[in-house]
Amino acid sequence: MAKHTVTLIPGDGIGPELTTAMRRVVDATGVDIEWEVAEAGADVIETYGTPLPESTLESIRRNKVAIKGPITTPVGTGFRSVNVAIRKELDLYACLRPAFSIPGSGARYDDIDLVIVRENTEDLYAGIEFEQGSEDAAELIRFVADRGAGVIRPDSGLSLKPISITGTQRIVRFAFDYAIANGRKKVTAVHKANILKMSDGLFLKVAREVAEEYKDSGVEFEDYIVDATCMQLVLHPEWWDVLVLPNLYGDIVSDLSAGLIGGLGIAMGANIGAECAVFEPVHGSAPKYAGKDMANPTAEILSAMLMLKHLGETEAADRILSAVRKVIGEGTHVTYDIKRSNTGSTEGAVGTQAYADALIAAL
Ligand code: NAP
């Protein structure tokens with residue numbers, strides 16, 4: 001029996017080729033994983049009547065650990081994002097996105113080592129929306145007016161931003177626990193509490209209370225307004241350590257961080273809950289590159305690196321990271337995006353699988 005059984009969701013678009021490369025590299029470390037392949041995405045709607053079959057969720061619940069390729073959000077089918085549905089169904093409340101410099105990636109900076117901890121279940125992503133022109137929207141607009149809470153233009157569409165004590169406590173505790181377990185020095189809570197007093201104001205109040213629980217942990221706490229955070233991330237990316245953010249700011253700031261370290265091709269991620277963890281790159285399914293053996297699998301492979309750490313396979317994880325650093329640092333066997341960042345041209349780039357071959361040789 002294999003030491004670990006992991007659910008593998010290849011996804012669609014560039015997902016299958018990236019997960020193939022990832023699996024080859026992970027297997028080459030010799031770590032004992034049985035991959036239980038499970039389907040999800042637009043391609044399976046015809047067979048299962050849904051892009052997220054129950055059998056796929058069952059597989060993740062059973063194995064507790066999954067890694068996935070990106071999945072396209074079908075437009076105009078009535079189905080919501082599979083990626084969001086997986087996070088919701090399994091209550092994967094913490095989205096972890098480490099962003100660190102890999103010399104040779106073509107990034108503007110070479111001294112970044114920060115971690116984004118994004119709340120994954122509430123905020124404007126709760127999916128509570130009222131369509132412009134609907135009776136429900138009109139009723140809510142009347143309710144707000146009747147309570148003297150404000151005037152909303154009658155032709156508005158509305159999205160609610162719930163932030164709870166429960167949701168904030170667990171994400172801020174996650175950030176502190178992660179900081180302690182990984183030898184980090186500081187947790188910064190990012191918010192817009194000066195304007196959004198009832199939602200972000202609560203987030204900040206609860207974050208401060210949780211920080212009190214950790215005051216003897218040796219991890220420092222501070223808070224920062226989101227717009228100032230964006231500016232300082234660009235001016236002084238080396239300042240930051242662990243950032244904990246509500247859902248929407250977390251989404252935006254993690255893409256900003258991906259840009260700081262050299263782009264989506266290398267930005268890794270994980271969605272973690274009390275029971276299960278699902279690892280995935282930050283980027284999407286990049287349909288224009290699907291099947292072309294061009295896309296950079298580093299983000300997928302570094303997501304697997306995070307997964308190996310989660311499984312306690314630290315040595316295999318470290319070997320993969322060293323191989324990535326070596327091959328990207330040398331710059332001769334890199335995919336088009338890295339080549340383009342470094343030279344302004346994609347000439348001399350290698351394909352997805354040839355890059356994986358170079359990593360395997362460097363393990
Ligand atoms: P995207 O798939 O992330 O691609 C946007 C651009 O980012 C690409 O055109 C490419 O830029 C660059 N890129 C992304 N992945 C790359 C890789 N592995 N290697 C090199 N370059 C890479 O974003 P999108 O086109 O907006 O989204 C496509 C679909 O994916 C949508 O349906 C979206 O909903 C879905 N999505 C899924 C997930 C997920 O599964 N978790 C996450 C985000 C989006 P250049 O062309 O400039 O090289």
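Quantities reported herein were computed from a predicted structural model and do not represent experimental measurements. Ligands are counted one by one from 1 in listed order, and the atoms in each one are counted from 1 as well.
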Can you list every pair that meets ring-ring contact (aromatic ring centres under 6.0 Å, His included) and has a residue in residues 10-43, with sequence neighbours left out? none
Which class fits the ring pair Y214 and F176: parallel under 30°, tilted 30 to 60°, perpendicular over 60°? parallel
With sequence neighbours left out, what residues match R340 under salt bridge (Lys or Arg N to Asp or Glu O under 4.0 Å)? none
Say you draw a straight line from OH of Y355 to OG1 of T335; how long is it, rounded to the nearest 0.5 Å? 6.5 Å
Report, one line per pair, each donor and acceptor closer than 3.5 Å where one atom sits in a side chain of residues 316-325; sequence neighbours left out.
{"from": "R319", "atom 1": "NH1", "to": "T29", "atom 2": "O", "distance (Å)": "3.1"}
{"from": "S322", "atom 1": "OG", "to": "D318", "atom 2": "O", "distance (Å)": "3.0"}
{"from": "R325", "atom 1": "NH1", "to": "S101", "atom 2": "O", "distance (Å)": "3.0"}

Within the protein, flag every N or O under 3.5 Å from an N or O of ligand 1, and note the pair and distance.
{"from": "ligand 1", "atom 1": "2 (O)", "to": "G284", "atom 2": "N", "distance (Å)": "3.4"}
{"from": "ligand 1", "atom 1": "2 (O)", "to": "G284", "atom 2": "O", "distance (Å)": "3.4"}
{"from": "ligand 1", "atom 1": "2 (O)", "to": "S285", "atom 2": "N", "distance (Å)": "3.1"}
{"from": "ligand 1", "atom 1": "2 (O)", "to": "A286", "atom 2": "N", "distance (Å)": "2.7"}
{"from": "ligand 1", "atom 1": "3 (O)", "to": "G284", "atom 2": "N", "distance (Å)": "2.7"}
{"from": "ligand 1", "atom 1": "18 (N)", "to": "H283", "atom 2": "NE2", "distance (Å)": "3.3"}
{"from": "ligand 1", "atom 1": "18 (N)", "to": "N296", "atom 2": "O", "distance (Å)": "2.9"}
{"from": "ligand 1", "atom 1": "19 (N)", "to": "N296", "atom 2": "N", "distance (Å)": "3.0"}
{"from": "ligand 1", "atom 1": "21 (N)", "to": "Y336", "atom 2": "OH", "distance (Å)": "3.1"}
{"from": "ligand 1", "atom 1": "30 (O)", "to": "S285", "atom 2": "N", "distance (Å)": "3.0"}
{"from": "ligand 1", "atom 1": "30 (O)", "to": "S285", "atom 2": "OG", "distance (Å)": "3.2"}
{"from": "ligand 1", "atom 1": "32 (O)", "to": "T73", "atom 2": "N", "distance (Å)": "2.9"}
{"from": "ligand 1", "atom 1": "34 (O)", "to": "T73", "atom 2": "OG1", "distance (Å)": "3.1"}
{"from": "ligand 1", "atom 1": "40 (O)", "to": "K68", "atom 2": "NZ", "distance (Å)": "3.4"}
{"from": "ligand 1", "atom 1": "40 (O)", "to": "I71", "atom 2": "N", "distance (Å)": "2.8"}
{"from": "ligand 1", "atom 1": "40 (O)", "to": "N83", "atom 2": "OD1", "distance (Å)": "2.9"}
{"from": "ligand 1", "atom 1": "40 (O)", "to": "N83", "atom 2": "ND2", "distance (Å)": "3.1"}
{"from": "ligand 1", "atom 1": "41 (N)", "to": "E280", "atom 2": "OE1", "distance (Å)": "3.0"}
{"from": "ligand 1", "atom 1": "46 (O)", "to": "K288", "atom 2": "NZ", "distance (Å)": "3.1"}
{"from": "ligand 1", "atom 1": "46 (O)", "to": "Y289", "atom 2": "OH", "distance (Å)": "2.6"}
{"from": "ligand 1", "atom 1": "47 (O)", "to": "R340", "atom 2": "NH2", "distance (Å)": "3.4"}
{"from": "ligand 1", "atom 1": "48 (O)", "to": "Y289", "atom 2": "OH", "distance (Å)": "3.2"}
{"from": "ligand 1", "atom 1": "48 (O)", "to": "Y336", "atom 2": "OH", "distance (Å)": "2.5"}
{"from": "ligand 1", "atom 1": "48 (O)", "to": "R340", "atom 2": "NH1", "distance (Å)": "3.2"}
{"from": "ligand 1", "atom 1": "48 (O)", "to": "R340", "atom 2": "NH2", "distance (Å)": "3.0"}

Tell me, with the steps shown, if E300 and R23 meet salt bridge (Lys or Arg N to Asp or Glu O under 4.0 Å). CA-CA 10 Å; E300 186 78 51; R23 185 172 164 170; over 6 Å; no
